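What follows is a short report on a single structure.
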Amino acid sequence: MASCLGLYVESNIIKYAKVSKEHEKIKVESFGVKFYDNLEKAIDQIIEETYSYKTPISINLSEEIYNYFDMFAMLSNKDLSKAIKTEFEMYCSDQGYNPNVFETRYVVSKNPEDKDKLKVIHIAANKIELTKKTQVLEKNKLTSIVPVSMAITNLIETKPKENCLIVNIEDNTTVTKILDENVYDIQTFDEGSQEFLRKINIKENSLAKAYEICKNTTIYTSEGKELQETEIGYLEDIMPTLYTIVGNVRKIINESEEKISKVYLTGTATLINNLDLYFQEYLSEIDCEILKPYFINPTKDISIQDYIEVNSAISLALSGVGQGIQGINFKKQTFNEKIPDWLKVEVNPGKEKKGKLAKSGWFTNDLGEKLDKTEISLLRSAVGLILLFVIYSCFAVLLQNQMEQKEQQAQDSISHTNTQIQLADNDKTKIDSRTNDYTEMIQNLQDLNDRITDASKTRDAIPNLLNEIMYIVPENVQITSIQNTTGTHIVIQAQSNKYEQLGMFKAKLDTEMYLTNVISTSGQQENNVIKVTIEGDLP
C-alpha cells in the first residue's frame, strides 16, 4: 500500500492530508488545518500527529511561472525537448531573466485548434525557492514538489469531450482549464483568500478566528434575506475579492473558443457558505459546483465539507502516490531515493542489530555474534552486485523501450510521409487535369480572338476599298457590284461599253496593289454593254 502526506503551505496556514492508495482504492487517513508562526515546528507537529515519520511527503510549488508553446506534433521526444528549451531561453531573454536560475518541467497535450501542433504547458520555478522548501523538510522524506494547479485535477473524474474549469481560491487564485480530459491552460491571479483573511484578521487580531468567521459566513444572493450588521461587516471584507475573481473567471469563459460546461470551486474560499450559488448567479449558463473528491464517501463523524476544506493537500498527496499528471515533480531524486527500499541495508557493527533482519541472521553470524569487518565487506559486495544487476536490468529495459519507441516513431513518420506523397500525387493529378482544361480554354479564347480580329479587319474592307479606287475607275466604267465573299477575297462586277476601259481598270487594281492575285473573266456583251467579273485579295 502506497501512502503520502500532502502539505499545502500558505502564509501562516498549512493544510495537510495523509492519503493511502491500494490498487484503485483511495483512503484519506487523516487531515486538518494548522496555523503557524514557525513552519518547521508546525510541520514536525503534523508529522507527529499523523504518525508520518517515514511517510513520503508531497508539498506545493510556489511562485511558479507558466508559459505556453506550440510545437510540431511530428518532433521526436529529444527534438521536442530541445525546441522547448530554446523557446524558454528566448522568453528569458525577452524578460531579462537568467534561464539557469530556474528549474523547469513541462506537460504536452493535443492542440484542439491544430491537429499538427502540440500544446506545451511550461512551468518554471526558482531554484533558490526550491532549495528553501527542501531544507525545511531535509530531515523528513520529501519526495514530491508539484504545482497545485496541476495536482488539483486528481480530485475529479472528467469525461471525454467535457470542458471545465477548476477555480482554486487559496492565498492566490489559480484557474485550471481542462479540455477533453487534458489540462490546456492555467491562469493565476493575485486576488485570493489572503485578502479577506487579512482584513478580518486586522479586526479580530486572530487568523484562526478569521478562518472560523469565514466558515460561519453566508453569501446571500439577490433573493436572499436581509443581512445583520455583523454579517454585512464581514461580507464587506469578503465580497470585493470574490467579485474580482468571478469577473476574471467570466472573462476566461468568454474568451475561450471551446464551450465550458462546468466550473468547479475549491480552496479556502469554499469555507464561505453559498459560494457556488454566488458564482452561479454571475455564470448563469454554466453549472457551478463545489469540488468534491470523487472517491470520498462522507461518514457520520466527518462531513464532506471537512474534506473539501483540504482539497489542495489531498490532491498533493495523490500526486505523491503516483496519481494524475506525471513528469511535474520538481523534487530531484537522489541516487539513494531511486534504490528500492528492500535493497537498502544499514550496517552498524558497533551496535547490536535490531529488527527482523537481525533476528533472521543477516547482521549476525550463525552463532549470534557481531559481524566482523570481512563479513561486512562481503555483505556490502553482495549488495553492490545486486544493485549493479538491478541497474543493468533497468538500463536494458529502458534501452529496449527507447528502441521500440524510436521504431514506432519511424513507422509513424514513414506512414505519414507515404500519406503526404499520396496526397501530393492526387494533387498533381488534379493540377494536370485543370491544366488541360485551362489549355483548351486558352486555345478556344485564342481562336475566338482570331475570328474577332478577322471580322474587325474585314468589316470595313469594302468601304475602304471603294474609297481607294474611286479615283482610278475610268470614266466609262461602272461598278455594279462589290462583295467580300470569304476572308479578304473581293469580287467586283463591272460594265462598260469599251473593252479597253475595263482592261485599264483591272490593270490599275493589279499594278497599284489595291488587290493581289487579280483575275477577270473575258467579258460578256449585251446591248453594246460589256460585263466582266474581277476577283482578287486584299493586300
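Please read all numbers here as calculations on a predicted model, not as lab measurements.
Between Y211 and F35, the ring planes lie perpendicular to each other; the angle is over 60°, past the 30° to 60° tilted range.
Within a 6.0 Å radius of CD in Q420, more than 12 heavy atoms belonging to other residues, nucleotides or ligands are found. Heavy atoms from other residues, nucleotides or ligands lying under 6.0 Å from NZ of K127 number more than 12. For Y68, the OH atom counts as densely surrounded, since its 6.0 Å shell holds more than 12 non-hydrogen atoms of other residues, nucleotides or ligands. Remark: I202 CD1 is packed, more than 12 non-hydrogen atoms of other residues, nucleotides or ligands lying under 6.0 Å away. The neighbour count for M90 CE, taken as heavy atoms of other residues, nucleotides or ligands under 6.0 Å away, does not exceed 12. When the shell of 6.0 Å around NZ of K110 is examined, it contains 12 or fewer heavy atoms from other residues, nucleotides or ligands. Within 6.0 Å of CD on Q326 lie more than 12 heavy atoms contributed by other residues, nucleotides or ligands. Heavy atoms from other residues, nucleotides or ligands lying under 6.0 Å from CZ of F395 number 12 at most.
Side chains of N163 and S256 form no contact here, defined as non-hydrogen atoms less than 4.5 Å apart. Put simply, the side chain of V263 does not reach to within 4.5 Å of the side chain of C164, judged on heavy atoms. Within the 4.5 Å cutoff, the side chain of L155 has no heavy atoms near those of the I296 side chain. Residues Y264 and T176 fail the side-chain proximity criterion, which asks for heavy atoms closer than 4.5 Å. Side-chain contact check for T55 versus K141: every heavy-atom pair is 4.5 Å or farther apart. Side-chain contact between I260 and I252 is absent, with no heavy-atom pair separated by less than 4.5 Å. Inter-residue side-chain proximity for H416 and D412 is flagged as unmet; no heavy-atom pair is nearer than 4.5 Å. Here the side chains of M239 and Y278 are in contact, with some heavy-atom distance below 4.5 Å.
Side-chain N/O atoms of Q45 and Y16 include no donor and acceptor closer than 3.5 Å. T241 and E195 share a donor-acceptor pair across their side chains, judged by distance under 3.5 Å alone. In summary, the side chains of S312 and E170 do present a donor paired with an acceptor at a separation below 3.5 Å, with no hydrogens or angles considered. No side-chain donor from either of Q405 and N401 sits under 3.5 Å from a side-chain acceptor of the other. There is a side-chain donor-acceptor pair under 3.5 Å between Q400 and E404.
When the options E29, K27, K25 are evaluated for a side-chain hydrogen bond (donor to acceptor under 3.5 Å, both in side chains) with S20, the one that passes is E29. Screening E191, Q194, E63 for a side-chain hydrogen bond (donor to acceptor under 3.5 Å, both in side chains) involving N172 leaves a single residue, Q194.
Listed for the Q305 side chain is a donor-acceptor partner under 3.5 Å among the backbone atoms of T270. Judged by distance alone, with hydrogens and angles left aside, the side-chain atoms of N311 form a donor-acceptor pair with the main-chain N or O of L291 at under 3.5 Å. Put simply, the side chain of K21 never gets that close to the backbone of V321: no donor and acceptor are under 3.5 Å apart. Judged by distance alone, the side chain of T173 and the main-chain N or O of I169 form no donor-acceptor pair under 3.5 Å. Counting only distance, with no hydrogens or angles, the side chain of N329 and the backbone of T143 share a donor-acceptor pair below 3.5 Å. Here the side chain of N201 pairs a donor or acceptor atom with the backbone of S206 at under 3.5 angstrom.
Annotation: the span from D70 atom CG to K119 atom NZ amounts to 6.5 Å, rounded to 0.5 Å. Remark: Y8 OH to I14 CD1 distance equals 12.0 Å, nearest 0.5 Å. Expressed to the nearest 0.5 Å, how far OG of S315 lies from CD1 of I152 amounts to 4.0 Å. Here T218 contributes atom OG1 and N274 contributes atom CG; the two are 6.0 Å apart, rounded to the nearest 0.5 Å. Put simply, CD on E64 and NE2 on H122 are 13.0 Å apart, with the number rounded to the nearest 0.5 Å. Note: I245 CD1 to D190 CG = 11.0 Å, rounded to the nearest 0.5 Å.
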With a 3.5 Å cut-off and sequence neighbours excluded, list the donor-acceptor pairs that the side chains of residues 80-88 form with protein atoms.
unit_1: T86; atom_1: OG1; unit_2: K82; atom_2: O; d: 3.0

Practice task
Show your working on side-chain hydrogen bond (donor to acceptor under 3.5 Å, both in side chains) between N426 and Q422 and close with a plain yes or no.
Solution key: CA-CA 6 Å; N426 294 339; Q422 183 62 44; 3.2 Å; yes
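Using a 4.0 Å cut-off between charged nitrogen and carboxylate oxygen, K203 and D237 count as a salt-bridge pair. Contact check on K132 versus E129 returns a salt bridge, with a Lys/Arg side-chain nitrogen under 4.0 Å from an Asp/Glu carboxylate oxygen.
Q409 approaches S76 most closely through the heavy-atom pair OE1-CB, 3.8 Å.
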